[in-house]
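For the numbers below, each heavy atom of this structure counts, side chains included, while hydrogens, waters and symmetry mates do not. Numbers restart at 1 for each chain; the letters A, B, ... are given by sequence-line order, proteins then strands.
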Amino acid sequence: MSRPIITFTTDFGIGSSYIAEMKGVVLSLNAEVQLVDVTHSIAPQDIRQGALIFDSVARRFPPETIHVGVIDPGVGTERDILCVRMQNQYFIGPDNGLLSSVADRNTPEQIIALRNREYWLSEVSSTFHGRDIMAPAAAYLSLGLSPELLGEPLDDLIKLEWQKVHVASKRVKGSVVSFDSFGNAITDISRSLLLENKTPPDAVVKCGDVKLKGIFTTYKNKPNNTLVALFGSQSMLEIALVGGSAIDQLKVEVGATVEVLW
Amino acid sequence: MSRPIITFTTDFGIGSSYIAEMKGVVLSLNAEVQLVDVTHSIAPQDIRQGALIFDSVARRFPPETIHVGVIDPGVGTERDILCVRMQNQYFIGPDNGLLSSVADRNTPEQIIALRNREYWLSEVSSTFHGRDIMAPAAAYLSLGLSPELLGEPLDDLIKLEWQKVHVASKRVKGSVVSFDSFGNAITDISRSLLLENKTPPDAVVKCGDVKLKGIFTTYKNKPNNTLVALFGSQSMLEIALVGGSAIDQLKVEVGATVEVLW
Amino acid sequence: MSRPIITFTTDFGIGSSYIAEMKGVVLSLNAEVQLVDVTHSIAPQDIRQGALIFDSVARRFPPETIHVGVIDPGVGTERDILCVRMQNQYFIGPDNGLLSSVADRNTPEQIIALRNREYWLSEVSSTFHGRDIMAPAAAYLSLGLSPELLGEPLDDLIKLEWQKVHVASKRVKGSVVSFDSFGNAITDISRSLLLENKTPPDAVVKCGDVKLKGIFTTYKNKPNNTLVALFGSQSMLEIALVGGSAIDQLKVEVGATVEVLW
């Protein structure tokens with residue numbers, strides 16, 4: 001059997017040594033793992049952004065990957081920490097919505113609340129459950145421990161409300177869900193939804209004060225320093241600035257309305 | 001035997017490719033290692049911060065871990081590079097105090113000055129001993145080389161002076177030793193010291209112009225955007241801003257006095 | 001056989017989760033690899049900087065290392081993606097000059113255009129070929145696939161033009177090629193070139209408005225906060241500020257002329 005994979009998604013900030021503390025805990029229990037950082041620059045306590053990252057990144061990993069997510073503003077309060085089996089992988093994180101975007105698309109096969117202190121660190125802080133509860137759980141799972149031993153089964157997990165994409169005659173209305181590291185505005189309007197609705201390639205995309213004619217396939221369809229609407233790497237509609245960052249030119253924030261009209 | 005672990009703590013800056021040069025040197029000698037980044041955003045040449053990171057992170061790693069620390073303003077001068085065995089692990093770094101915080105709590109079992117050029121790279125620059133001397137030493141140790149072969153034994157290493165925590169009647173006086181990646185002010189006042197001195201939970205914590213009543217157990221004991229004194233993940237007293245960063249509100253720097261009164 | 005090494009050099013930005021998507025793709029095909037981040041903070045679309053990083057970092061890695069570089073402003077256009085064998089390693093990246101700095105010093109042994117869709121992901125986006133074409137190619141190579149199966153052989157790759165270093169009587173004229181993470185200005189004037197031309201150690205180094213007398217061997221030859229010319233970790237002439245960053249004091253940009261006179 002090949003080495004188990006454990007990934008880390010946190011809001012610790014990139015220079016943070018807290019992530020290494022978690023890795024040290026894992027490696028103390030199982031040194032034969034493949035550790036992968038997904039990102040540590042989720043905006044502090046931005047559960048929504050963390051949920052989206054899980055949803056887009058986890059699907060690229062093989063079955064049995066163990067994903068650990070620590071965006072945990074409620075650390076030390078009564079919220080549960082979950083281990084959820086979905087899409088043949090394990091997701092470990094606080095029950096605050098962080099796992100709900102994956103769960104919206106993949107019915108959880110098993111939800112366990114990590115209440116069995118036998119598999120926590122012997123000393124548990126009230127401010128860093130990522131290290132004291134989640135990291136050891138991930139390590140024990142990677143050693144083959146049955147997840148039900150980690151705690152008690154639950155029926156459901158906390159879900160975030162997402163804005164719905166509205167479809168009308170010759171019109172689709174969604175919103176900006178995030179900006180990626182290039183400054184591209186990623187929307188919740190999928191390529192397949194537009195195809196289903198027979199959106200023509202010369203449709204108009206509206207966002208803020210900006211109106212763009214046509215949905216393109218690459219950044220290079222337009223000259224440098226112009227905005228372009230295209231389908232990004234997740235097959236979602238995005239607005240990019242060719243050769244630059246769209247954030248400044250678009251002057252909108254996460255949540256802004258995006259309309260496709262034809 | 002499981003794969004040896006080598007960790008890296010530097011002030012190279014997060015985007016620096018110098019760390020990959022060190023990893024390349026290690027992997028050229030031993031590809032079967034587990035490489036872990038602790039942090040590369042120690043403030044440039046801040047030996048003191050590096051020493052504290054070593055002290056808080058290394059204890060989470062298993063025995064025989066090899067920790068490499070490159071905060072080395074004296075590179076190319078006569079200072080020694082050390083391999084020190086402490087808490088059943090190896091620490092490799094310049095003899096400038098970087099290893100002294102761990103050494104304050106764990107009597108070194110062995111101190112070797114890395115003077116044996118046989119285990120250096122064949123070409124040694126005068127500006128990057130992390131790559132040319134420390135990385136190969138870590139790799140050879142990971143292959144099972146006896147540390148005494150790397151150079152000559154020393155009796156002691158250079159220690160940093162730390163401000164002492166003062167205890168008086170119903171009063172403990174310490175200082176801010178660092179800000180973590182969330183902007184929490186970490187102090188040198190430990191939970192166990194306060195317990196020993198029977199500090200009540202409603203004691204007052206003073207720092208700069210701020211007076212906080214009560215020492216709490218989680219960030220969630222107070223409303224958003226208020227300062228809270230609590231014990232952090234290392235069981236040290238810290239001052240945090242609920243849902244934000246305490247740096248701006250506290251208006252103090254590392255070294256500022258923190259008092260607990262009751 | 002020891003585990004194959006795959007490195008990543010991109011302009012995705014440090015917090016980007018896109019790099020984890022690439023790693024997920026690799027690990028889905030071969031979980032037994034050693035993954036190493038070289039850097040993800042190449043300035044967006046700065047092929048020139050990426051080429052230099054490849055050239056300085058790759059030589060530190062062992063034979064058979066697979067280097068993946070994604071600085072790809074032309075993604076989705078007709079440019080080829082290459083797998084090039086040089087210095088007994090593999091380099092995978094777009095044919096836009098990114099691989100040309102290594103190729104200037106090491107005649108390519110084999111150049112393959114990755115046109116065989118059998119080894120691409122089944123669904124290929126038009127904006128992220130790093131994930132959809134380069135990552136699987138790296139994984140298949142790491143499993144031992146013969147590179148010629150990945151596509152078609154080419155005779156040459158696209159080369160960047162570099163400014164030449166001029167040598168005259170008692171004068172060498174080059175330029176600043178990059179600033180490293182410490183703010184040191186790295187030039188294209190090598191130690192060996194100066195030695196060949198019998199440059200004395202008290203030569204004058206000119207850059208912008210700055211004139212420095214003497215080329216030193218360590219940062220510590222001059223007091224704090226003064227500029228110093230010295231040979232850096234790649235044996236190239238660099239200008240550093242002792243105990244700080246030279247960028248602000250030098251007031252020059254990448255490309256600025258640097259002269260050595262004696």
Side-chain angles (χ1 to χ4, degrees), chain A residues 1-5 7-9 11 13-15 33-43 49-50 52-65 67 89 178 180-184 191 216-221 224 228 230-236 238 240-245, chain C residues 3 6 8 10-37 39-47 70-79 94 96 121 123-133 135-136 139 142-143 181:
Chain A
M1 206 193 76
S2 69
R3 286 183 310 145
I5 299 163
T7 82
F8 299 92
T9 301
D11 63 353
I14 296 163
V33 285
Q34 179 84 253
L35 303 173
V36 179
D37 296 296
V38 171
T39 182
H40 303 294
S41 42
I42 302 291
Q49 192 192 358
L52 289 169
I53 289 283
F54 259 156
D55 197 23
S56 63
V57 176
R59 67 179 73 173
R60 300 295 170 177
F61 280 77
E64 307 311 323
T65 297
H67 300 286
Q89 301 178 331
S178 66
D180 74 5
S181 56
F182 292 103
N184 301 337
R191 178 174 212 162
F216 293 87
T217 56
T218 80
Y219 302 113
K220 281 292 172 175
N221 290 107
N224 256 350
V228 58
L230 79 170
F231 295 110
S233 59
Q234 314 295 344
S235 290
M236 304 304 280
E238 67 182 51
L241 185 76
V242 181
S245 161
Chain C
R3 285 184 311 144
I6 299 178
F8 299 92
T10 80
D11 63 353
F12 294 173
I14 297 162
S16 175
S17 58
Y18 291 144
I19 183 65
E21 292 194 37
M22 291 181 66
K23 291 178 180 172
V25 168
V26 168
L27 293 170
S28 295
L29 292 165
N30 184 6
E32 294 302 315
V33 285
Q34 179 84 255
L35 304 172
V36 179
D37 296 296
T39 182
H40 302 294
S41 41
I42 301 291
Q45 317 198 346
D46 190 341
I47 295 164
V70 195
I71 296 119
D72 195 12
V75 63
T77 63
E78 287 303 299
R79 64 93 187 80
N96 59 14
L121 288 195
E123 208 177 322
V124 172
S125 72
S126 51
T127 58
F128 194 3
H129 290 177
R131 179 193 64 198
D132 302 336
I133 302 177
S142 77
L143 288 164
S181 56

Do you know which two heavy atoms are closest between [X] and [Y], and how far apart they sit?
{"X": "C/Gly24", "Y": "A/Pro62", "value": "O-CD, 4.1 Å"}
{"X": "C/Val33", "Y": "A/Arg3", "value": "O-NH2, 3.6 Å"}
{"X": "C/Thr127", "Y": "A/Thr217", "value": "CG2-O, 4.0 Å"}

Heavy-atom distance under 4.5 Å to chain A: side chain of [X], backbone, both or neither?
{"X": "C/Leu121", "value": "side chain"}
{"X": "C/Ser125", "value": "side chain"}
{"X": "C/Gln45", "value": "side chain"}

- Between C/Ser16, C/Ser28, C/Gly13, C/Ser17, which shows the greatest number of heavy-atom pairs under 4.5 Å with chain A? C/Ser28
- Query: Of the listed residues (C/Met22, C/Lys23, C/Arg131), which shares the most heavy-atom pairs with chain A below a 4.5 Å separation?
  - Reply: C/Arg131
- Message: Please check this pair: side chain of A/Gln34 against backbone of C/Glu32, looking for a donor-acceptor N/O pair closer than 3.5 Å.
- Response: no
- Query: Any donor-acceptor pair under 3.5 Å linking the side chain of A/Thr39 with the backbone of C/Gly15?
  - Reply: yes
With only heavy atoms counted, which part of [X] is less than 4.5 Å from chain C, the side chain, the backbone, both or neither?
{"X": "A/Val57", "result": "both"}
{"X": "A/Leu35", "result": "neither"}
{"X": "A/Thr9", "result": "neither"}

- Task: Please lay out, stage by stage, how C/Leu27 and A/Phe61 fare under the test side chain to side chain contact (heavy atoms under 4.5 Å, CB included).
- Result: CA-CA 7 Å; C/Leu27 293 170; A/Phe61 280 77; 4.0 Å; yes
- Heavy atoms only, distances under 4.5 angstrom: which of A/Ala240, A/Gly244, A/Gly243, A/Ser245 has the most pairs with chain C? Name it, please. A/Gly243
- If you tally heavy-atom pairs under 4.5 Å against chain C, which of A/Gln234, A/Arg59, A/His40, A/Glu238 wins? A/Gln234
- Message: I want to check something: taking the side chain as every heavy atom from C-beta on, are A/Phe182 and C/Asp11 in contact at a cut-off of under 4.5 Å?
- Response: yes
